[in-house]
Amino acid sequence: MKKFKRYTVTSALPYANGPVHIGHLAGVYIPSDIYTRYLRIKGQDVISVCGSDEHGVPITLKAKKEGITPQQVVDRYHKIIKDSFKEFGIEFDIYSRTSNKIHHETAAEMFRTINEKGGFIEKTTKQYYDTEAKQFLADRYITGTCPHCNYEAAYGDQCEKCGTSLSATELIRPKSAISGAKPSLRETRHWYLPLDKSQAFLEKWILEDHKDWRPLVTGQCKSWFQTGLQPRAVSRDLDWGVPVPAKNAEGKVLYVWFDAPIGYISATKEYTPDWEKYWKNEDTKLVHFIGKDNIVFHCIIFPAMLKSAGDYILPENVPANAFLNLEGNKISTSKNWAVWLHEYLRDFEGQQDALRYALTAAAPESKDNDFTWRDLQAKNNNELTAVFGNFVNRAAVLTQKYYNNKVPQPNAFNQEDEAVFEKLVAIKAKIENNIENYHFRAALKEMMQAARIGNKYLADSEPWKLVKIDPERVKTILYVALQITATLAVLCEPFLPFTAVKLKKILSTNFLNWENAGTKNILPTGHTIGKAELLFAKVEDAQIEAQMKKLSQAKKNNQMENKSIAAQKATISFEDFSKADIRTGTILEATKVPKTKKLLKLLVDTGLDTRTVVSGIAEYYKPEEVLGKKVSILINLAPRKLKGIESQGMILMAEDAEGKLIFITPQGDAKNGTEVN
RNA sequence: UGCGAGGUAGAGCAGUUGGUAGCUCGUUGGGCUCAUAACCCAAAGGUCGCAAGUUCAAAUCUUGCCUCCGCAACCA
């Protein structure tokens with residue numbers, strides 16, 4: 001395997017239109033932090049770069065909605081995100097932002113470089129333009145009627161009712177989702193990255209040269225290759241972003257997906273003038289940590305960009321994670337279905353490692369996973385506290401009791417003692433191997449195994465019994481136990497940095513390093529350790545219940561917003577349903593019922609007969625409008641007198657978004673009297 | 001609909017080139033008392049999504065189906 005001299009580790013730039021939640025942490029930031037912390041402890045030359053992604057349409061929309069500038073939006077979230085990362089112990093060497101001057105310059109320069117090499121093509125297309133909001137509209141921001149199923153709220157890229165994928169120009173009665181105005185088609189010219197020309201190179205690079213990538217990642221790339229890569233626009237008509245540095249490019253900015261990954265480079269530049277060795281030197285290992293939604297950008301598009309620009313190295317690996325769900329549902333920023341990092345830090349002060357542990361243990365490395373609060377509690381209380389914390393406490397307390405906090409002088413090691421050291425060495429090797437191959441979940445498990453070995457060692461050797469009959473042996477036992485503890489302090493650092501600090505304080509040592517973990521004299525005889533203190537606090541039921549309550553509140557709020565959609569009614573049997581006799585019919589006559597606001601008196605041909613029905617639709621329909629209308633009618637409803645007129649059935653109606661009643665009209669040529677089933 | 005990735009004990013996950021199904025937590029029983037009622041030992045618990053096929057032998061290979069997730073060209 002290739003030997004690298006230094007590492008450049010990137011973590012997907014969080015989008016600055018909301019705070020960071022546990023899905024981001026489990027998918028990207030915790031794995032990248034484990035990886036870089038590990039490399040740092042081993043003394044490698046590594047930089048970890050990240051920053052806020054601050055451009056793009058959603059941010060401008062949010063600003064508009066709140067009546068502030070996009071800059072104010074990103075300033076707000078950049079601060080929240082940056083602060084919460086720091087407090088959570090995600091240790092970037094630099095956390096930058098794409099609204100920075102240095103980023104604008106770097107991104108513009110990248111564009112120019114590629115452009116000068118003829119790496120773009122220019123194309124003019126027709127796109128919908130919102131004359132009121134004065135901007136071009138992405139397909140997603142156009143709604144209209146689906147040409148296939150007539151669903152009225154279809155998006156410009158897809159109809160969610162019938163699932164057909166659409167292009168915005170197919171929509172009947174298109175409407176801007178931003179202003180509600182009717183958009184018009186306008187010509188616009190854009191630069192495109194001709195990915196099709198890079199396909200051959202990318203296919204070889206990914207499928208042949210990097211067979212060690214995760215199946216999830218390779219699979220998705222394959223999927224793209226099969227369809228065939230197409231040119232992709234790198235510019236956009238918008239006033240928020242990096243201006244396109246070219247002639248005739250007024251009002252055009254670099255499209256966010258082009259701009260964002262360059263943020264890794266500009267962050268590096270901001271960090272060190274010596275940035276080029278991290279991006280242009282073949283001895284450097286570049287690793288991108290991302291979520292699965294970002295695979296195409298980091299495995300296909302960004303490499304194609306880097307390649308076109310020349311000089312740049314390409315990623316060695318892109319360990320993308322799948323998604324984390326929360327209590328069985330997808331995490332959603334807009335629905336507030338999330339555990340926000342800044343809120344966790346407030347609600348669980350000093351318990352960063354509990355979340356780090358739970359999220360690493362449940363990391364969605366190969367498939368989507370579910371996070372539950374009960375699981376966090378169980379992992380913290382039954383694993384971290386019970387196994388790890390308890391062992392450390394046992395060793396420290398025994399040392400305090402028997403040796404006044406001094407590491408005792410051991411006698412010759414017996415077979416059990418030797419076995420312990422052998423296991424520790426093996427565990428350390430497994431952790432290294434797992435981390436280097438991005439198996440952080442497995443690495444964490446191994447780390448805990450070291451604590452288990454400690455507990456078992458104490459339980460098997462029973463120093464508290466032996467102290468009365470063989471005090472010399474107890475010295476060796478406690479010596480060994482303390483070596484295990486010190487090894488733990490080293491091995492846990494990539495995963496549980498706060499615990500590592502505490503543990504080193506308990507051992508009152510700062511001379512531990514990765515290389516001597518698992519060795520027989522990591523903590524020398526005669527060294528005085530500090531006072532025993534608890535490493536972990538338990539997570540109490542009350543804390544969990546408070547969080548669950550918060551979530552159910554979020555759920556309730558969502559339901560309030562979607563109030564128009566009523567919950568499903570109680571299940572009925574087929575017999576119940578078949579009692580209802582619904583027929584198609586035609587309205588023959590309609591007259592307003594005098595002295596009422598709502599009622600129309602209708603004469604309906606039901607196929608069986610002609611009958612009178614009184615219906616509460618007068619607010620929405622004039623009598624002449626409903627004449628001859630095909631309707632569905634429930635005919636065996638018990639007759640009822642309304643304003644003195646006997647109503648002999650009920651016209652089926654639905655309510656639309658504005659509360660207006662609309663007829664359930666049979667499609668096509670249903671004869672009057674046809675049964676509706 | 002197409003493509004990709006999953007579906008393995010109550011939960012979360014391993015299972016290398018096909019050869020007796022494993023780990024952690026939880027559950028049950030026992031032991032211990034140095035320790036945050038923590039720790040240690042043992043047991044129970046699985047027709048490996050379903051169906052068919054290849055094979056002496058399939059969680060593992062082939063085919064079909066069911067199901068969940070993602071992507072599908074301007075969605076970041």
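The sequence lines fix the lettering, A, B, ..., with proteins before strands; numbering per chain opens at 1.
Among the atoms of the strands shown, none is found under 4.0 Å from any heavy atom of Pro463(A). Among the protein residues, Asn390(A) comes within range of the nucleic acid bases, having at least one heavy atom under 4.0 Å from a base atom. Using a 4.0 Å heavy-atom criterion, one finds that Thr385(A) contacts the bases of the nucleic acid, with or without backbone contacts as well. Within 4.0 Å (heavy atoms only), Arg236(A) reaches sugar-phosphate atoms of the nucleic acid but no base atom. Using a 4.0 Å heavy-atom cutoff across all strands shown, Asp53(A) reaches sugar-phosphate atoms only and no base atom. Residue Leu195(A) is out of contact with every strand shown, counting any heavy-atom pair closer than 4.0 Å.
With both ends at atom P, the span from C25(B) to C41(B) equals 10 Å, rounded to whole Å. Annotation: U54(B) and G64(B) have their C1' atoms spaced 15 Å apart (nearest Å). Atom P of A51(B) sits at a distance of 16 Å from the matching atom of U8(B), rounded to the whole Å. Nucleotides U20(B) and U62(B), compared at atom C1', are 25 Å apart to the nearest Å. Rounded to the nearest Å, the gap between the C1' atom of G46(B) and that of G10(B) is 12 Å. When the C1' atom is used for both U47(B) and A35(B), the distance is 45 Å, rounded to whole Å. Of the P atoms belonging to A38(B) and G29(B), the separation is 16 Å, rounded to the nearest Å. For the P atoms, the distance linking C69(B) with A58(B) amounts to 33 Å, nearest Å.
Spacing between atom CZ of Phe297(A) and atom P of C74(B) amounts to 11 Å, rounded to whole angstrom units. Rounded to whole angstrom, the span from the CD atom of Glu383(A) across to the C1' atom of C23(B) amounts to 11 Å. In this structure, Asn455(A) places its CG atom 14 Å from P of A37(B), rounding to the nearest Å. Rounded to a whole Å, the CG atom of Leu238(A) is 13 Å from the C1' atom of A76(B). G12(B) atom P lies 18 Å from atom CG of Leu444(A), rounded to whole Å. Residue Lys292(A) contributes atom NZ, which lies 14 Å from atom C1' of C3(B) at whole-angstrom precision.
Using modelled atom types, one finds a donor on one side chain and an acceptor on the other under 3.5 Å when comparing Tyr357(A) with Glu383(A). In the model, Lys406(A) has no side-chain atom that pairs as donor or acceptor with a side-chain atom of Thr399(A) under 3.5 Å. For the residue pair Asn317(A) and Arg214(A), no side-chain donor N or O sits within less than 3.5 Å of a side-chain acceptor on the partner. Of the N and O atoms on the side chains of Asn329(A) and Asn325(A), not one donor lies less than 3.5 Å from an acceptor on the other residue. Side-chain N/O atoms of Asn434(A) and Arg441(A) include no donor and acceptor closer than 3.5 Å. Counted by atom type alone, Thr10(A) and His288(A) present one or more donor-acceptor pairs between their side chains at under 3.5 Å. Inspection of the His298(A) and Tyr264(A) side chains reveals an N or O donor paired with an N or O acceptor under 3.5 Å. Under the 3.5 Å distance criterion, with hydrogens and angles disregarded, no donor-acceptor pair is assigned to the side chains of Gln547(A) and Gln543(A).
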Below 3.5 Å is the cut-off: list the nitrogen or oxygen pairs between protein and nucleotides 27-34 of chain B, distance only.
from, atom 1, to, atom 2, distance (Å)
C34(B), O3', Lys401(A), NZ, 3.1
C34(B), O2, Arg394(A), NE, 3.1
C34(B), N3, Arg394(A), NE, 3.1
C34(B), N3, Arg394(A), NH2, 2.5
C34(B), N4, Arg394(A), NH2, 2.8

Interface polar pairs with nucleotides 14-16 of chain B, N/O, under 3.5 angstrom:
from, atom 1, to, atom 2, distance (Å)
A14(B), OP1, Ser366(A), OG, 2.8
A14(B), OP1, Arg441(A), NH2, 2.6

Before you tell me yes or no, could you show the steps for Lys505(A) and Glu533(A) under salt bridge (Lys or Arg N to Asp or Glu O under 4.0 Å), namely the whole-Å CA-CA distance, both residues' side-chain angles and the distance that decides it to 0.1 Å?
CA-CA 10 Å; Lys505(A) 195 182 143 219; Glu533(A) 78 179 271; 3.3 Å; yes
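An OP1 or OP2 oxygen of C41(B) is reached within less than 4.0 angstrom by a side-chain nitrogen or oxygen of Lys456(A). Within the structure, every side-chain polar atom (N or O) of Lys222(A) is placed at least 4.0 Å from both OP1 and OP2 of C71(B). Within the structure, every side-chain polar atom (N or O) of Arg232(A) is placed at least 4.0 Å from both OP1 and OP2 of A76(B).
Judged by closest nucleotide on RNA chain B, Pro215(A) is the one of Pro215(A) and Ile453(A) placed further toward the 5' end. Closest-nucleotide positions on RNA chain B for Leu216(A) and Gly228(A) were compared, and the one nearer the 5' end corresponds to Leu216(A).
Looking at Tyr192(A), its side chain comes within 3.5 Å of the base of C74(B) through a donor and an acceptor atom.
Aromatic ring centres of Phe302(A) and Phe297(A): separated by at least 6.0 Å.
Consecutive pairing runs in RNA chain B reach the stem threshold at B:1-4 with B:69-72, B:10-13 with B:22-25, B:27-31 with B:39-43, B:49-53 with B:61-65, where a stem means at least three Watson-Crick or G-U wobble pairs with distances under 3.5 Å.
Cation-pi check for Arg189(A) over Trp191(A) is met; the charged atom lies under 6.0 angstrom from the ring centroid and within 45 degrees of its normal. Stacking of Lys292(A) on the aromatic ring of Phe323(A) is recorded, both the 6.0 Å distance cut-off and the 45° axial limit being met.
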Please table the atom pairs, donor to acceptor, closer than 3.5 Å between any side-chain atom in residues 372-380 of chain A and protein atoms at least two apart or in another chain.
from, atom 1, to, atom 2, distance (Å)
Thr372(A), OG1, Asp375(A), N, 3.1
Arg374(A), NH1, Gln377(A), OE1, 3.0
Asp375(A), OD1, Lys379(A), NZ, 3.1
Asp375(A), OD2, Lys379(A), NZ, 3.0
Gln377(A), NE2, Val539(A), O, 3.1
Gln377(A), NE2, Asp541(A), OD1, 2.8
Asn380(A), ND2, Ala537(A), O, 3.0

Hey, can you pull the donor-acceptor pairs under 3.5 Å for the side chains in residues 473-482 of chain A, sequence neighbours left out?
from, atom 1, to, atom 2, distance (Å)
Arg473(A), NH1, Asp417(A), OD2, 2.9
Arg473(A), NH2, Asp417(A), OD1, 3.0
Lys475(A), NZ, Glu472(A), OE2, 3.1
Thr476(A), OG1, Asn411(A), N, 2.9
Tyr479(A), OH, Lys520(A), O, 2.7

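With rounding to the nearest 0.5 Å, the separation of CH2 in Trp257(A) from CG in Leu193(A) is 5.5 Å.
Ranking C39(B), A76(B), G4(B) by closeness to the Ala386(A) side chain, first place goes to C39(B).
Interface residues of residues 320-330 of chain A facing RNA chain B, ordered by number: Phe323(A), Lys330(A); criterion, heavy-atom separation under 4.0 Å.
Salt bridge Arg97(A)/Glu54(A): present, at least one basic N to carboxylate O contact under 4.0 Å.
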